[in-house]
Asks: 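Submitted below is the structure of interest, expressed as structure tokens.
First the proteins, then the strands, lettered A, B, ... as listed; each starts at 1. Just so you know, these numbers use all the heavy atoms, side chains as well, and skip hydrogens, waters and symmetry mates.
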2 protein chains.
Amino acid sequence: MGKADYDLLWGEATRTGRGRPAGLSRERIVAEAVAIADAEGLQKVSMKHLAERLGSGVMSLYRHVPGKDELVVLMYDSLMAGPMPLPEAGDWREILRRWGLGVRDLFNAHPWALTVATSERPMGPGEAGWVDDVIGRLTAVGMPAELGLIAVLTVDCFALGAVRPEINSGSGETDFFQFLADPVISARYPNLARLAEPGTADADMGGYFEFGLERVLDGLERHIETHR
Amino acid sequence: MGKADYDLLWGEATRTGRGRPAGLSRERIVAEAVAIADAEGLQKVSMKHLAERLGSGVMSLYRHVPGKDELVVLMYDSLMAGPMPLPEAGDWREILRRWGLGVRDLFNAHPWALTVATSERPMGPGEAGWVDDVIGRLTAVGMPAELGLIAVLTVDCFALGAVRPEINSGSGETDFFQFLADPVISARYPNLARLAEPGTADADMGGYFEFGLERVLDGLERHIETHR
DNA sequence: GATCGATGCGTATGAGATACGCTAAATAGC
DNA sequence: GCTATTTAGCGTATCTCATACGCATCGATC
């Protein structure tokens with residue numbers, strides 16, 4: 001992904017007014033693709049299926065989007081088109097907490113987006129807007145911008161990684177430690193087996209996202225205190 | 001992914017000795033697929049390409065692997081077939097630091113594995129072994145197993161999220177903040193623009209993985225101190 | 001040897017992305 | 001109005017892939 005993707009996301013549309021007016025639009029295509037992905041999964045987003053939904057021919061889509069891969073990039077960035085919901089007031093910790101929880105909400109609402117997020121992709125206008133916003137908010141409450149950037153990145157990385165188990169268990173994944181049910185196999189993993197004994201390991205893991213997030217914030221807080 | 005994947009990963013091979021002996025083996029197929037993915041990317045792992053490399057017919061592969069999706073799951077788990085390299089000695093912090101750095105090394109060595117890791121998948125024997133090992137090590141140095149599990153999960157989540165920018169920049173991605181070069185666009189992101197001014201933002205981000213990891217460990221440390 | 005049970009694999013099928021080129025519908029200039 | 005120009009819509013053909021099916025093959029067992 002190089003120049004092509006850059007132009008795709010950041011290039012301006014130059015419309016002269018001449019020529020047949022467009023019935024389709026990039027926005028409508030991307031929005032419908034997102035709707036399909038939300039409802040049926042990213043795998044069901046095929047050019048054919050998408051065209052049917054839009055009531056158009058398959059090849060018409062290519063007038064507005066270079067190809068499937070690029071469409072997915074656009075779908076992803078469109079999720080961050082609006083402002084990231086951040087609290088009206090609060091210190092840096094509250095802001096970053098909301099960032100983490102907001103990321104979590106985003107990916108729970110659009111599970112397909114997680115694999116997109118972890119694949120190679122350029123930063124688009126939506127994502128840039130979110131990052132710019134949060135850094136502005138953090139500097140406003142006294143956090144240096146350099147620290148703000150790396151702090152957001154840290155929280156973001158954690159949230160990105162931590163949301164996966166949530167998404168997957170939500171989609172009806174079988175018990176995470178299902179294999180421990182077999183005594184022969186279970187014997188091979190004594191430490192895990194011991195953990196599974198008391199109650200369901202899943203149940204114990206219920207609040208791990210919040211737990212981990214607070215630990216990350218604690219760590220940032222200690223850093224700030226130490227380097228004051 | 002349900003029962004089928006479970007059996008795939010955890011089921012025993014029952015060979016009676018009767019019948020034509022196998023020239024291919026699941027292990028060889030998976031290993032070759034990993035080699036292709038490492039060298040050319042996961043996208044280049046097609047059944048055709050794989051069969052050519054193995055000197056076999058395409059359909060022969062299906063005698064040993066149910067299908068492409070399942071093959072990818074096997075490829076992923078095979079990365080954790082050996083023991084996770086953990087330090088001989090050290091406190092919980094050192095152990096978890098190594099875990100985080102080990103995860104980072106793993107995904108840098110096998111960039112294709114990151115999208116697999118973030119997709120829906122069951123836990124396999126390899127991964128289970130790693131988790132079991134580290135919990136054993138942590139309990140050995142005095143950390144309760146319950147806390148150990150959630151602590152590993154926290155570090156793991158961070159590492160998983162944080163390794164992505166590394167992988168992508170390593171594969172020749174253009175500048176993360178390339179779009180700031182255009183003054184018109186740059187003006188829309190004042191906070192990012194200000195950050196980009198002094199030096200390359202990328203350069204400043206050099207040690208963000210280590211930074212974030214230490215913050216996560218700090219956070220866990222504070223938790224332990226508080227709940228002693 | 002005859003049989004059985006597994007493997008190896010060629011062929012056929014169907015889904016999916018997309019290059020190409022023609023048609024249709026607007027505007028701009030006359 | 002008429003025509004050239006420009007852009008959108010899209011049918012058809014092609015290429016890549018995964019994979020279902022069925023037959024051939026090969027060793028061990030009886």
Asks: Can you check the A/Arg26 CZ to D/dT7 P distance for me, whole Å?
Replies: 15 Å
Asks: In this structure, how many angstroms lie between the P atom of C/dA17 and the CD1 atom of A/Ile29, rounded?
Replies: 14 Å
Asks: Could you tell me the separation between the CD atom of A/Gln43 and the C1' atom of C/dA17, rounded to a whole number of Å?
Replies: 15 Å
Asks: Roughly, in whole Å, what's the span from CE in A/Met47 to C1' in D/dG9?
Replies: 14 Å
Asks: More 5' along DNA chain C: B/Gly57 or B/Arg18, using each one's nearest nucleotide?
Replies: B/Arg18
Asks: Please state how far atom NZ in A/Lys48 lies from atom P in D/dC10, giving the value in whole angstrom units.
Replies: 14 Å
Asks: Nearest whole angstrom, please: distance from the P of D/dT12 to the CE of A/Met59.
Replies: 13 Å
Asks: Please figure out whether A/Val45 or B/Arg63 has its closest DNA chain C nucleotide nearer the 5' end.
Replies: B/Arg63
Asks: To the nearest Å, give me how far apart NE2 (B/His64) and P (C/dC9) are.
Replies: 9 Å
Asks: Looking at A/Lys68, I'd like to know whether one of its side-chain N or O atoms comes within less than 4.0 Å of OP1 or OP2 on C/dA17.
Replies: yes
Asks: How far apart are the closest heavy atoms of A/Tyr76 and A/Glu127, and which atoms are they?
Replies: CE2-OE1, 4.1 Å
Asks: Is any side-chain heavy atom of A/Phe209 closer than 4.5 Å to a side-chain heavy atom of A/Pro165?
Replies: no
Asks: Starting from the C-alpha separation in whole Å, work towards a yes-or-no answer on side chain to side chain contact (heavy atoms under 4.5 Å, CB included) for B/Asn191 and B/Arg194.
Replies: CA-CA 5 Å; B/Asn191 301 300; B/Arg194 208 168 302 129; 3.7 Å; yes
Asks: So which one's nearest nucleotide on DNA chain D is more toward 5', B/Pro66 or A/Ala22?
Replies: A/Ala22
Asks: Would you please test B/Leu192 and B/Leu180 for side chain to side chain contact (heavy atoms under 4.5 Å, CB included) and show each step?
Replies: CA-CA 8 Å; B/Leu192 291 179; B/Leu180 293 175; 4.1 Å; yes
Asks: Below the 4.0 Å mark, does C/dC9 have OP1 or OP2 next to a side-chain nitrogen or oxygen of B/Ser60?
Replies: yes
Asks: Where the side chain of B/Ser56 is defined as all heavy atoms beyond and including C-beta, which of C/dT18, D/dA18, C/dC9 is the nearest nucleotide?
Replies: C/dC9
Asks: Find the distance B/Arg28:CZ to C/dT7:P and express it as a whole number of Å.
Replies: 14 Å
Asks: Look at B/His49 and D/dT16 and indicate whether a side-chain polar atom (N or O) is within less than 4.0 Å of OP1 or OP2.
Replies: no
Asks: Is atom CZ of A/Arg98 surrounded by more than 12 heavy atoms (other residues, nucleotides or ligands) closer than 6.0 Å?
Replies: no
Asks: Among C/dG8, C/dA24, C/dC22, find the nucleotide with the atom closest to the side chain of A/Arg20.
Replies: C/dA24
